[in-house]
Protein chains: 2
Amino acid sequence: MRIGDLAATSGLSTKTIRFYEQAGLLPEPPRTPGGYRDYPERTTQRLAFIRDARGAGLTLAEIRSVLALRDAGASPCTHVTALIDQHLTDIDRRLTELRQTRAALRALAERAAATDPAECTDADICRILAGTNSERPY
Amino acid sequence: MRIGDLAATSGLSTKTIRFYEQAGLLPEPPRTPGGYRDYPERTTQRLAFIRDARGAGLTLAEIRSVLALRDAGASPCTHVTALIDQHLTDIDRRLTELRQTRAALRALAERAAATDPAECTDADICRILAGTNSERPY
DNA sequence: GTAGACCTTCCAGCGCACTGGAAGGTCAAG
DNA sequence: CTTGACCTTCCAGTGCGCTGGAAGGTCTAC
């Protein structure tokens with residue numbers, strides 16, 4: 001199976017597949033006499049796993065660690081469960097931050113609606129934002 | 001006022017201040033005979049505005065556009081209001097995405113709790129994630 | 001005169017996951 | 001024999017907002 005076929009069946013680009021190899025997610029495949037990568041069928045499953053794991057929000061580094069466990073013959077389930085829990089925590093934190101940012105932005109929008117442009121001075125630059133020292137980039 | 005003083009009063013690093021100058025957010029200040037940057041007092045206000053705008057989630061490019069309007073003598077209020085509205089829309093979209101991702105991860109966590117590690121085969125790599133083809137990286 | 005606090009410029013890198021492009025090799029069909 | 005689809009490697013860039021470090025200049029205090 002050549003890289004183009006693998007790309008077609010997995011929905012990834014050939015560039016991405018080579019990148020995954022270089023990133024240690026895929027083992028180096030055997031080559032044809034002409035030097036083309038010649039993948040075994042099961043690489044399809046491996047890419048499907050990577051896609052699923054990406055969909056669950058795992059980073060490539062995390063996926064690499066899961067694959068390394070499996071490749072070493074271990075069962076990565078416990079590890080995967082821990083990663084999922086950690087990502088849940090991350091997401092909850094980000095949701096909280098985002099909600100705070102939204103509240104701040106809502107307040108600014110109201111303030112904007114109530115602001116007379118004439119009040120904005122050169123020194124303020126823009127009165128709408130002046131003094132909204134929230135320290136909360138998102 | 002030298003760059004170190006400005007850094008101290010604004011809470012930014014000297015690196016960041018030079019970076020802002022290079023990024024077109026700060027005009028080039030006059031120099032002392034020794035070649036040091038010598039900022040006027042009002043640069044403090046300008047940095048305070050940048051900080052406030054960053055806190056509201058505006059990008060440096062957006063902030064640059066606001067400052068350019070003000071520097072051109074225009075009142076940027078309308079522009080700022082539009083940017084705020086746009087960021088509100090962005091945030092709402094991101095919140096929706098994040099909530100969906102969280103729901104998916106919750107489901108995975110439950111599945112993980114109910115999964116017997118023995119079910120994970122080499123071909124699966126990890127059954128917990130198998131077939132969760134959600135296409136929703138976050 | 002020398003320590004050291006501060007400043008200067010310039011270049012490079014981070015993290016993340018790719019993506020683009022150049023320059024060239026391989027292979028099947030016509 | 002040529003066309004063209006496909007493949008190879010290697011290098012570099014994307015976006016975003018900085019951050020680090022090297023190599024050197026300036027100024028104040030002792």
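As the structure is a prediction and not an experimental result, all values here were calculated from the model. Per chain, numbering begins at 1; letters A, B, ... match sequence-line order.
For the residue pair B/Glu62/B/His79, the side-chain donor-acceptor check at 3.5 Å is not satisfied.
Judged as a salt bridge (charged side-chain N to carboxylate O under 4.0 Å, His left out), not a single pair has a partner in residues 1-18 of chain B (not counting sequence neighbours). Counting only residues at least two apart or in different chains, side chain to side chain donor-acceptor pair (under 3.5 Å) contacts with residues 19-31 of chain B comprise B/Glu21-B/Arg37.
Under the side chain to side chain contact (heavy atoms under 4.5 Å, CB included) criterion, A/Ala109 pairs with B/Ile84, B/Asp85, B/Leu88, sequence neighbours left out. Checked against side chain to side chain donor-acceptor pair (under 3.5 Å), B/Gln86 has no partners two or more places apart in sequence or in another chain. Under the rule for a side chain to side chain donor-acceptor pair (under 3.5 Å), A/Thr32 has no partner lying at least two apart in sequence or in another chain. In this view, B/Asp92 and A/Arg102 satisfy the side chain to side chain donor-acceptor pair (under 3.5 Å) rule, not counting sequence neighbours. With sequence neighbours left out, A/Thr14 forms a side chain to side chain donor-acceptor pair (under 3.5 Å) with no residue at all.
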Taking only nitrogen or oxygen atoms into account, show me every contact under 3.5 Å that the protein makes with nucleotides 12-16 of chain C, one pair per line with its distance.
none

Polar atom pairs (N or O), protein with nucleotides 1-3 of chain D, under 3.5 Å:
none

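Under a 3.5 Å cut-off, the side chain of A/Thr16 and the backbone N or O of A/Leu12 do not form any donor-acceptor pair. A donor-acceptor pair under 3.5 Å links the side-chain atoms of A/Thr101 to the main chain of A/Glu97, judged by distance alone. A distance-only check finds no donor-acceptor pair linking the side chain of B/Glu110 to the backbone of B/Ala107 [under 3.5 Å]. Under a 3.5 Å cut-off, the side chain of B/Ser10 and the backbone N or O of B/Leu6 do form a donor-acceptor pair. A/Asp38 places a side-chain N or O within 3.5 Å of a backbone atom of A/Met1 that can act as its donor or acceptor partner. Of the possible donor and acceptor atoms, none in the side chain of B/Arg94 sits under 3.5 Å from a partner among the backbone N and O of B/Leu98.
Rounded to whole Å, atom P of D/dG17 lies 12 Å from atom CD1 of B/Ile50. Distance, A/Leu26 CG to C/dC18 P: 12 Å, rounded to whole Å. To the nearest angstrom, P of D/dC16 lies 13 Å from CG of B/Leu58. Atom pair B/Ile3:CD1 and C/dC6:C1' shows a separation of 11 Å (rounding to whole Å applied).
Residues from residues 12-25 of chain A placing a heavy atom under 4.0 Å of any atom in DNA chain D, listed by number, are A/Lys15, A/Arg18. Within residues 27-37 of chain A, the residues having any heavy atom under 4.0 Å from DNA chain D are, by residue number, A/Arg31, A/Gly35, A/Tyr36, A/Arg37.
One axis for each end of the helix from C/dG1-D/dC30 to C/dG30-D/dC1, each built from five base pairs, and the angle between them comes to 40° at 10° resolution.
In this structure, A/Leu25 CG and A/Ile17 CD1 are separated by 12.0 Å, a value rounded to the nearest 0.5 Å.
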